[in-house]
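A note on names: the letters A, B, ... follow the listed sequences, proteins ahead of strands, and every chain is numbered from 1. Values below: every heavy atom of this structure, side chains too, minus hydrogens, waters and symmetry copies.
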2 protein chains.
Amino acid sequence: MKNKVIMPFRSAKHQHRKCQKIALDSAKKLCESQGQRLTPLRQRVLELVWQTHEPVKAYDILDQLKDEHSSSAPPTVYRALDFLQEQGLVHKIESLNAYIGCGGPDESHEHSQFLICQQCGAVAELDDIDITNLLNEKVSELGFTMQTGMVEIVGVCAICNH
Amino acid sequence: MKNKVIMPFRSAKHQHRKCQKIALDSAKKLCESQGQRLTPLRQRVLELVWQTHEPVKAYDILDQLKDEHSSSAPPTVYRALDFLQEQGLVHKIESLNAYIGCGGPDESHEHSQFLICQQCGAVAELDDIDITNLLNEKVSELGFTMQTGMVEIVGVCAICNH
DNA sequence: TATTGAAATGTTATAATATAACATTTTTGA
DNA sequence: TCAAAAATGTTATATTATAACATTTCAATA
Ligand SMILES: [Zn+2]
Ligand SMILES: [Zn+2]
Ligand SMILES: [Zn+2]
Ligand SMILES: [Zn+2]
């Protein structure tokens with residue numbers, strides 16, 4: 001267990017197809033190993049989440065699903081997102097009410113930290129053990145038992161900073 | 001600027017009237033010093049937020065306002081909450097879509113950390129400079145410039161832990 | 001103190017996010 | 001093959017939040 005940038009900020013011209021392929025492949029592998037069913041619908045929602053490195057809104061996914069699959073309705077999307085979140089394949093960005101694909105679902109991480117670039121909209125994901133440890137330590141001093149932590153940091157990414 | 005528990009978890013039998021009085025008094029003082037108008041409506045919303053140490057939902061505030069003030073509507077509440085948040089008198093807990101009174105609006109704090117007890121529902125607020133510094137340091141290493149940070153930690157508070 | 005522009009509030013409507021409840025279909029495994 | 005469980009379909013509704021414009025209140029100053 002090491003400090004890790006689970007998903008960095010990527011340049012505009014990176015090969016995003018590769019990100020998508022890696023995400024889909026590891027999702028399939030993970031679900032298989034866990035005995036979970038990545039149905040066509042769930043897979044399609046995961047693909048739609050992975051369109052970009054910006055968090056995606058549930059109703060934007062729904063609009064796209066409807067074009068392909070006229071029976072789609074809000075529960076269609078929310079159920080798929082719930083499943084994907086349970087498997088750790090997708091995270092919800094609480095401050096944006098939007099969803100982003102997890103860049104490292106393999107190495108389990110209870111406590112991610114998200115960096116949100118207010119300029120380009122992209123989100124990076126860290127699993128920094130020093131941060132998690134410090135939070136644990138600090139709240140323990142107060143007698144608090146930490147179960148889960150949400151860290152969302154808004155600012156400007158290195159690429160937008162030049 | 002020191003590490004500070006802005007608002008601790010309080011026992012069930014603490015004198016909450018005192019919390020309320022301190023909050024209202026410091027709000028009045030703060031607004032006066034800033035040339036901001038704490039109108040009766042805004043003050044009333046602040047009082048309703050300070051009913052408990054649990055975050056309050058906007059529509060719960062609205063229901064109570066309506067009883068006193070039949071012309072209340074969603075914008076009534078959201079405008080008051082917006083004003084109170086701008087003054088630093090109220091914080092939004094993003095993971096709950098709910099609002100909580102700030103325990104230390106005087107000492108300005110850009111980056112609070114919130115501890116949410118999943119058992120009693122109460123929320124404590126920290127302004128821990130070590131946490132803020134570590135976050136800043138960690139994201140700086142990645143070339144990221146931090147503007148604001150949201151830290152919301154869910155667990156069990158010391159009182160509920162015994 | 002009368003005027004006026006800005007701030008605050010009132011009012012109606014609607015947008016955006018999410019879940020409840022029940023029906024039907026598909027999958028799995030005995 | 002059959003029954004139970006899981007997944008999806010379907011309709012309705014709950015929850016959270018903002019847009020747009022009208023009216024009222026407030027504060028500065030002419
Ligand atoms: Zn990519
Ligand atoms: Zn992740
Ligand atoms: Zn109290
Ligand atoms: Zn505060």
Of A:Val56, A:Ile100, A:Asp82, A:Leu46, which is the lone residue that meets side-chain contact (heavy atoms from CB on, under 4.5 Å) with A:Val90?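 It is A:Leu46, the one option of A:Val56, A:Ile100, A:Asp82, A:Leu46 that forms the side-chain contact (heavy atoms from CB on, under 4.5 Å) with A:Val90.
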
So which of residues 23-34 of chain A are in contact with DNA chain D, with a heavy-atom cut-off of under 4.0 Å?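 Residues of residues 23-34 of chain A that come under 4.0 Å of DNA chain D do not exist, since none gets that close.
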
Got a sec, which pairs hit side chain to side chain donor-acceptor pair (under 3.5 Å) with one end in residues 146-156 of chain A, sequence neighbours left out?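 Sorted pair list: A:Ser95-A:Glu152.
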
To the nearest Å, give me how far apart [atom1] ([X]) and [atom2] ([N]) are.
| X | N | atom1 | atom2 | result |
| --- | --- | --- | --- | --- |
| B:Glu86 | C:dA8 | CD | C1' | 13 Å |
| A:Arg79 | C:dT26 | CZ | P | 15 Å |
| B:Asp82 | C:dA8 | CG | P | 12 Å |

Test salt bridge (Lys or Arg N to Asp or Glu O under 4.0 Å) applied to B:Lys21 - qualifying residues, sequence neighbours left out: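 Applying salt bridge (Lys or Arg N to Asp or Glu O under 4.0 Å) to B:Lys21 gives B:Asp25.
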
A:Asp130: salt bridge (Lys or Arg N to Asp or Glu O under 4.0 Å) partners, not counting sequence neighbours: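 Expected list: B:Lys138.
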
Residue pairs, two or more places apart or on separate chains, that pass ring-ring contact (aromatic ring centres under 6.0 Å, His included) and touch residues 116-137 of chain A: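 Not a single pair qualifies under ring-ring contact (aromatic ring centres under 6.0 Å, His included).
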
Give every residue pair that meets the ring-ring contact (aromatic ring centres under 6.0 Å, His included) criterion with at least one member in residues 5-35 of chain B, sequence neighbours excluded.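 Residue pairs with at least one partner in residues 5-35 of chain B: A:Phe144-B:Phe9, B:His14-B:His16, B:His14-B:His53, B:His16-B:His53.
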
Could you pull out the closest heavy-atom pair between B:Ile6 and B:Cys102, with the gap in Å?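 Looks like CG2-SG, 4.4 Å.
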
With sequence neighbours excluded, what pairs up with [X] under the side-chain contact (heavy atoms from CB on, under 4.5 Å) test?
| X | answer |
| --- | --- |
| A:Val151 | A:Gln113, A:Leu135, A:Ile153, B:Leu135, B:Val151 |
| B:Gln43 | B:Leu24, B:Lys28, B:Leu38, B:Glu47 |
| A:Lys29 | none |

Chain A footprint on DNA chain D, 5' to 3' - any atom under 4.0 Å from a heavy atom: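 Going 5' to 3' along DNA chain D, contacts run D:dA7 to D:dT11.
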
So [Y] and [X], do their side chains get closer than 4.5 Å, heavy atoms only?
| X | Y | result |
| --- | --- | --- |
| B:Met150 | A:Val154 | yes |
| B:Leu81 | B:Val49 | yes |
| A:Leu126 | A:Met7 | no |

So which of residues 36-63 of chain B are in contact with DNA chain C, with a heavy-atom cut-off of under 4.0 Å?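 Those residues are B:Arg37, B:Thr39, B:Leu41, B:Arg42.
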
Identify, residue by residue, the members of residues 66-75 of chain B with a heavy atom below 4.0 Å from DNA chain C, and return them in order of residue number, or none.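 Contacts with DNA chain C under 4.0 Å: B:His69, B:Ser71, B:Ala73, B:Pro75.
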
Heavy-atom nearest nucleotide on DNA chain C for B:Asn97 versus B:Phe83: which residue maps closer to 5'?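 Nearest-nucleotide comparison on DNA chain C picks B:Phe83.
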
